[in-house]
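Presented below is the structure to which this report refers.
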Number of protein chains: 2
Amino acid sequence: MGAAAERAKAENEEWAGVTPDAARRLVGAAVQAFAERGYHATTTRDIAGRAGMSPAALYIHYKTKEELLYRISGIGHEKALRIMGAAAEAGGTATERLADAVRTFARWHAEHHTTARVIQYELQALSTEHYAEITGLRRRTDRLLRGIIQDGADGGEFLVDDVPGTTLAVLSLCVDVARWFTADGPRTPDEVGALYADLVLRMVGARVTDKNG
Amino acid sequence: MGAAAERAKAENEEWAGVTPDAARRLVGAAVQAFAERGYHATTTRDIAGRAGMSPAALYIHYKTKEELLYRISGIGHEKALRIMGAAAEAGGTATERLADAVRTFARWHAEHHTTARVIQYELQALSTEHYAEITGLRRRTDRLLRGIIQDGADGGEFLVDDVPGTTLAVLSLCVDVARWFTADGPRTPDEVGALYADLVLRMVGARVTDKNG
DNA sequence: CGCGTCGCTAAGCGCTTGCTCAGCAACGCG
DNA sequence: CGCGTTGCTGAGCAAGCGCTTAGCGACGCG
């Protein structure tokens, strides 16, 4: 299986929850198009074309183009929230949980940079109601990360002056991976995750136990 | 002078090099509109309206809507490059230069978050030639920052495993300020600059000389 | 005054956009 | 077989887009 085929398969699995098949193909096509050109520069004809359909077929599965973006945003942000939740609720020290959170969160933004770019940078195109709903998911993700950092600061593992500010910076750092990451760059998603986990542990003043300790 | 008037004045000074007056007003209007809605969602009628003109007047000063974005991107990226250059070429230790670079660079992205958002997140709307030109400016900014970090690593001031990766992360952190910063948030641009300078010094393993040392 | 120039506007052109609608082939069910 | 349902297409509508063009009032200059 070639690299392109593998990527297509991974992208298909990402939207496994979307049925029927045509609706899933449309979501995949929309993510690609939105990530490449942006929401407003993408036409419904383009999306339908990529999914192998006529423009009219799109409207059987989605009421509007904005609904497609909303569905993508919802699924993507829920996945991001689950990743952060898994790390926050795992056992271990605050240092271990923070490293795990940043490693998996940053890695996901690299591996799924197409989806991540759409859900992080095209939010403003959502309707007011949908925007508010998605913002709620992001606030929950933020709270989980802040909880880990607060734990570490309270327990003396971390040396942090400004917990909300540091949380914001860490989240910002991970999210922005979606902007610059490309599959043909020099770094794999795993490497990005490892690098970022290391950098963030330094940011919070955690004692690093590897070669830099 | 009210806050809004002060902001308008600051925005006017930002484009002082653009003449005549009508062309400058159009640039200001375009920056606001692009930052709010994005390039593709902004109409030439909207830009002209904000500048107090008819749609046709825009085309006396700029050949296309894209040229407006190109001018804004050029001026903005040159300013960003100058900020990074001033810090890189100043005297002092690598630690001092890095702190200065991050403080001023992050602060500019907060203070001019409207402009910064446009030049950092609407680049893909540029023509191929213009995009290449702007990318050149960004590479120069990147090289300046990498130089500082490399100096600190070589001289033993910093403990950095991956200089290009760390440079990328620092730049990404500062740039992303433009995405989340709002004037009505809890932090001033100065505070963002100070916080980010502290966080970045920790990332590179610099010895911190203040209360955290 | 006469006349060209400059900055601008009202009107609108050609095109693309998001979206709709009538109709059609395939299918399941009695 | 008959018939409704499902998933889709070809054609196209109203609206809005970037951009153009003809022309107008204010001004400087001789």
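All values below were derived from every heavy atom in this structure, side-chain atoms included, with hydrogens, water molecules and symmetry-related copies excluded.
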For this session: May I ask you to list the residues of residues 53-62 of chain A, by number, that have any heavy atom positioned under 4.0 Å from an atom of DNA chain C?
Result: A:A56, A:Y59
Exercise. Where along residues 44-52 of chain A does a heavy atom fall under 4.0 Å from DNA chain D?
Worked result: A:R45
For this session: For DNA chain D, determine which residues of residues 66-75 of chain B have any heavy atom closer than 4.0 angstrom to one of its atoms, and list them numerically.
Result: none
Problem set entry | Inter-end axis angle, the helix from C:dC1-D:dG30 to C:dG30-D:dC1, with every axis fitted to five base pairs (rounded, 10 degrees) | 10°
Exercise. Between which nucleotides of DNA chain D, 5' to 3', does chain A make heavy-atom contacts below 4.0 Å?
Worked result: D:dC8 to D:dG12
For this session: Could you list the residues that satisfy side chain to side chain donor-acceptor pair (under 3.5 Å) with A:Q150, not counting sequence neighbours?
Result: A:D154
Exercise. Mind checking what makes side chain to side chain donor-acceptor pair (under 3.5 Å) contact with B:E78, not counting sequence neighbours?
Worked result: none
For this session: For A:Y62, check ring pair (Phe, Tyr, Trp, His ring centres under 6.0 Å) against everything at least two apart and list the hits.
Result: none
Exercise. Sequence neighbours excluded, which residues qualify as side-chain contact (heavy atoms from CB on, under 4.5 Å) partners of B:E96?
Worked result: B:T93
Problem set entry | All side-chain contact (heavy atoms from CB on, under 4.5 Å) counterparts of B:A30, not counting sequence neighbours | B:F34, B:I47, B:L68, B:I72
Exercise. Does the side chain of B:Q32 pick up a donor-acceptor pair with the side chain of B:T114 at under 3.5 Å?
Worked result: no
Report, one line per pair, each donor and acceptor closer than 3.5 Å where one atom sits in a side chain of residues 117-125 of chain A; sequence neighbours left out.
from, atom 1, to, atom 2, distance (Å)
A:R117, NE, A:A178, O, 2.8
A:R117, NH2, A:H113, ND1, 3.3
A:R117, NH2, A:A178, O, 3.1
A:R117, NH2, A:F181, O, 3.0
A:Q120, OE1, A:R138, NH2, 2.2
A:Q120, NE2, A:H109, NE2, 3.1
A:Y121, OH, A:D176, OD1, 2.7
A:E122, OE1, A:Y39, N, 3.1
A:Q124, NE2, B:R37, O, 3.1

Exercise. Are A:D21 and A:R24 close enough for a salt bridge, meaning some N to O gap below 4.0 Å?
Worked result: yes
Identify the pairs formed between an N or O of the protein and an N or O of nucleotides 26-28 of chain C at a distance under 3.5 Å, and give each distance.
none

